[in-house]
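Have a look at the structure below before the remarks.
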There are 2 protein chains.
Amino acid sequence: MEAFLALAKALADETRVRALMALRQRELCLCQLIELLGLAPSTISKHMSLLKQAGLVVSRKQGRWVHYRLAPAFDATVRVAQEWTLEALARAPVVRQDAKRLRAILRLDPTELCRKQCV
Amino acid sequence: MEAFLALAKALADETRVRALMALRQRELCLCQLIELLGLAPSTISKHMSLLKQAGLVVSRKQGRWVHYRLAPAFDATVRVAQEWTLEALARAPVVRQDAKRLRAILRLDPTELCRKQCV
DNA sequence: CTAACATTTCGTTGTTTGGCGAAACAACAA
DNA sequence: TTGTTGTTTCGCCAAACAACGAAATGTTAG
């Protein structure tokens, strides 16, 4: 029950599901998610931490950067939650818009991107 | 996105998913859910209203009583949400205990139940 | 009609949650 | 070392939410 509620709560916030959808194709580092979602670093960090605790994403530290990607779901409940979300939101306007903006963000140099955010 | 978030939020509360699980086999009237879940009538009513708005349950008015049952899910997103929940929580201790208590509630003599039992 | 009763709505209260900024932390660079 | 930088933690505030009781609603019984 606890694990299920953690999943449902993780999916009950628009910012978090937008982040989740952005990870569909590739892993992203926190600064890229910050740029995409337009919220404070501490806020995004907290959201990603919640998604991680629920088992929906995993993180990988590479130097100073933390990369997030969809969790390989060994657990059936997590896998169904992921599939449910991906399927339900694939055509949502916000998600499509994010996908477009993400392509632009990925064209930028990650280092420059982070520097830009520090201003 | 709105409909998805309504579903996720509806499933992000233990009382509501317990109610949902109790409706697996048969429809129940509000007073039976009140008895099962042990909360105030107004609280349960509000929870059921939320589940209904999300599309997870439907209600049927019969006399003074309102019966709730799982919604026949024509919408794929709703159906997957229902299946995800039913599958994930089928073996949860609280849910099993509720199922047991529910059998007792359904066995109670209507007269003794005064305000709680439905015909 | 009036009374009784199941349910809903409304207003209040205490808790949870999402947001931010400042400071702490961690990893690299000079 | 010292400074820079990406991320996280902490403390705070405002909004959202779950719970209750009282009052309103709607329905059947007398």
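Chain letters run A, B, ... following the sequence lines, proteins first, then strands; residues in each count from 1.
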Using whole Å, what does the distance between atom C1' of nucleotide C:dA6 and atom CD of B:Glu35 come to? 14 Å
Are the side chains of A:Tyr68 and A:Leu51 in touch, meaning some heavy atoms are under 4.5 Å apart? no
Nearest of D:dT7, C:dG19, D:dC17 to any side-chain atom of B:Lys9? D:dC17
Which whole-number value in Å describes the distance from A:Leu5 CG to C:dT17 C1'? 15 Å
Can a donor-acceptor pair be found, under 3.5 Å and without considering hydrogens, that links the side chain of B:Arg16 to the backbone of B:Ala10? yes
Any B:Arg64 side-chain nitrogen or oxygen under 4.0 Å from OP1 or OP2 of D:dA29: no
For A:Gln62 and for A:Gly38, locate the closest nucleotide of DNA chain C by heavy-atom distance; then report the residue assigned to the nucleotide nearer the 5' terminus. A:Gly38
Taking A:Trp84 for its side chain and B:Thr77 for its backbone only, find out whether a donor-acceptor pair lies under 3.5 Å. yes
Evaluate the side-chain proximity of B:Cys29 to B:Val66: yes if any heavy-atom separation is below 4.5 Å, no if none is. no
Would you compute the distance between atom NE2 of B:His47 and atom CG of B:Leu33 and round it to the nearest 0.5 angstrom? 11.5 Å
Any side-chain N or O of A:Lys61 under 4.0 Å from OP1/OP2 of C:dA27? yes
Within residues 39-56 of chain B, those residues having any heavy atom closer than 4.0 Å to DNA chain C are B:Pro41, B:Ser42, B:Ser45
How many Å lie between NE2 on B:His67 and P on D:dT27, as a whole number? 14 Å
If you define the side chain from C-beta out and look only at heavy atoms, does anything of A:Glu14 sit under 4.5 Å from A:Val94? yes
